[in-house]
Number of protein chains: 2
Amino acid sequence: MTDPAAPLSPDPSNPMLLLENQLCFPLYAASRMLTKAYQPLLQELGLTYPQYLVLLLLWEHKELTVKEIGEHLLLDSGTLTPLLKRMEQRKWLSRRRAAHDERSVIIELLPDGEALHGPACRVPEQMLTRLGMPNEDFLALRSQLNNLLIRLQ
Amino acid sequence: MTDPAAPLSPDPSNPMLLLENQLCFPLYAASRMLTKAYQPLLQELGLTYPQYLVLLLLWEHKELTVKEIGEHLLLDSGTLTPLLKRMEQRKWLSRRRAAHDERSVIIELLPDGEALHGPACRVPEQMLTRLGMPNEDFLALRSQLNNLLIRLQ
DNA sequence: TATGTTTTAATCGTGCGCAATTAATATGTA
DNA sequence: TACATATTAATTGCGCACGATTAAAACATA
């Protein structure tokens, strides 16, 4: 059909350009679908998914700077500042400048945020049930995603 | 330390609530980081990542309804309508009502959109190189993500 | 044919995500 | 101490995502 000596030109049917042959699309779609699956559980707590992630950190650490939260979640202040302000309005956390370094803002868990810990404890197992995924598949996928994440840093 | 007969209460150190023990976070973070890795390549073409996905479909199908695009990408009209209008302004595609069913809107690839196909052909391989991931890892991860996606539908 | 239901996009409002810029503070160094 | 540099958040602007609602068209069926 095509002249094998023809100069290399973009293959109009380049199979690598097919949606189903790419890694990016299932990653993009699965991430959104998983967040959507969290929705009904988090909605009962009045939380969005990124807010839930911030609380996961604060339940573990009680106090963190914005910078530290950003390092854990791979988010910058452009995303975090307004998000944290919304959580401050709900009295889940407080924001204050660090005394020893006025550049840093310390985010501290407040009682109303602590109070969400109890009901949130059930979320992970509920999600596991919802997924109905064999545990070894779960562990394998998680470890491969963490590998990918390292490659992308 | 704790009374073993105490009533079950939310474990303050529930390990399932740790960020690193969850599936959701690496999925969420890897998806964002991968999109960010596409950025410099797509920016040369003036494309955002979701716009690139729409073009992938149109390069394959030439014409699709908004509904069909939404089914492929798992996006609704609230996301697609403004996105497609921006792509229409750039003359990459056209939008028109279907004659046989005025409810449907047909999205057709235009020459300027077709013209992006050539340069875009290199994007997938450049990303593969960027990832530096063994091919079998790539295939395994993709297939597991597709499995997860099916479970989440 | 009339009418209730379903389908399809568009619209609206809210909350991310992120690049780029700005402003304040801290640090390093001559 | 002065001054250049680096660090940390905040701000701005734009483009998704998505739930909820609306409006128009098509369909089903009594």
Side-chain angles (χ1 to χ4, degrees), chain A residues 24-25 27-40 42-43 46-54 64-71 73-90 92-107 152, chain B residues 24-25 27-40 42-44 46-54 64-71 73-90 92-93 95-107 152:
Chain A
C24 61
F25 176 68
L27 188 57
Y28 160 78
S31 173
R32 288 187 298 112
M33 293 302 108
L34 188 55
T35 299
K36 208 180 287 194
Y38 271 90
Q39 241 302 99
L42 295 180
Q43 190 166 25
L47 285 169
T48 66
Y49 180 69
Q51 290 169 3
Y52 170 70
L53 293 180
V54 169
L64 288 169
T65 65
V66 171
K67 176 183 159 66
E68 288 166 333
I69 293 176
E71 284 168 353
L73 301 184
L74 306 178
L75 292 170
D76 69 8
S77 69
T79 300
L80 287 175
T81 297
L83 187 156
L84 293 169
K85 282 183 175 176
R86 282 187 287 271
M87 297 181 75
E88 183 187 32
Q89 285 180 358
R90 301 271 219 130
W92 291 330
L93 50 79
S94 65
R95 300 162 65 246
R96 68 172 192 277
R97 291 279 164 181
H100 65 285
D101 185 343
E102 289 278 332
R103 290 171 305 181
S104 295
V105 168
I106 297 176
I107 304 299
L152 288 170
Chain B
C24 62
F25 176 68
L27 187 57
Y28 160 79
S31 173
R32 288 186 298 111
M33 293 303 108
L34 188 56
T35 299
K36 207 181 286 191
Y38 270 90
Q39 241 302 99
L42 295 180
Q43 191 166 25
E44 292 182 31
L47 286 169
T48 66
Y49 179 69
Q51 290 169 2
Y52 170 69
L53 293 181
V54 168
L64 287 170
T65 64
V66 172
K67 175 184 158 68
E68 288 167 332
I69 293 176
E71 284 169 353
L73 302 185
L74 305 178
L75 292 170
D76 70 8
S77 69
T79 300
L80 287 175
T81 298
L83 187 156
L84 293 169
K85 281 182 176 176
R86 282 187 287 271
M87 297 181 76
E88 183 186 32
Q89 284 179 0
R90 302 271 219 129
W92 290 331
L93 50 79
R95 300 161 66 244
R96 66 173 193 279
R97 291 279 165 180
H100 65 286
D101 184 344
E102 290 279 331
R103 291 171 305 181
S104 296
V105 168
I106 297 176
I107 304 299
L152 287 170

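Quick note: numbers below take in every heavy atom, side chains included, and nothing from hydrogens, waters or symmetry partners. Below, chain A is the first sequence line, B the second, and so on; all start at residue 1.
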Apply salt bridge (Lys or Arg N to Asp or Glu O under 4.0 Å) to [X] and list each qualifying residue two or more places apart in sequence or on a separate chain.
| X | value |
| --- | --- |
| A:E88 | A:R95 |
| B:E44 | none |
| B:R86 | none |

* With a 4.0 angstrom cut-off to heavy atoms of chain B, pull out the first and last contacting nucleotide of DNA chain C, in 5'-to-3' order. =>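 Counting from the 5' end, contacts occupy C:dT7 to C:dA19.
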Would you be so kind as to tabulate the donor-acceptor pairs closer than 3.5 Å made by side chains of residues 98-106 of chain B, with sequence neighbours excluded?
{"from": "B:D101", "atom 1": "OD1", "to": "B:R103", "atom 2": "N", "distance (Å)": "3.0"}
{"from": "B:D101", "atom 1": "OD1", "to": "B:R103", "atom 2": "NE", "distance (Å)": "3.1"}
{"from": "B:D101", "atom 1": "OD2", "to": "B:R103", "atom 2": "NH2", "distance (Å)": "2.9"}

* Asked: Quick one: on DNA chain C, does B:Q39 or A:L83 contact a more 5' nucleotide (nearest heavy atom)?
  -> A:L83
Just call it for [X]: base, sugar-phosphate, or nothing, with non-hydrogen atoms closer than 4.0 Å on any strand.
| X | value |
| --- | --- |
| B:T35 | nothing |
| B:T79 | base |
| B:D76 | base |
| A:L80 | nothing |

* **Smallest separation among heavy atoms of A:L80 and A:V66, with atom names** => CD1-O, 3.8 Å
* Can you see which heavy atom on A:L47 is nearest to which on A:W92, and at what distance? =>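 Heavy-atom minimum between the residues: CD2-CZ3, 3.7 Å.
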* Using the six-membered ring wherever Trp is involved, compare the ring planes of A:Y28 and B:Y49 and label them parallel, tilted or perpendicular (cut-offs 30° and 60°). =>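 It falls in the perpendicular class, over 60°.
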* Asked: Closest nucleotide of DNA chain D for A:Q43 versus for A:E68: which of these residues is on the 5' side?
  ->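 With A:Q43 and A:E68 compared, the 5'-side residue is A:E68.
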* Given that B:P82 and B:A99 both sit by DNA chain D, which one's nearest nucleotide is further toward the 5' end? ->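 Final value for this comparison: B:P82.
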* Asked: For B:L64 and B:V54, what are the C-alpha separation, side-chain angles and deciding distance, and is it a side-chain contact (heavy atoms from CB on, under 4.5 Å)?
  -> CA-CA 10 Å; B:L64 287 170; B:V54 168; over 6 Å; no
* Structure fact -> DNA chain D: first to last nucleotide in contact with chain B (atom under 4.0 angstrom from a heavy atom), 5' to 3', is D:dG15 to D:dA26
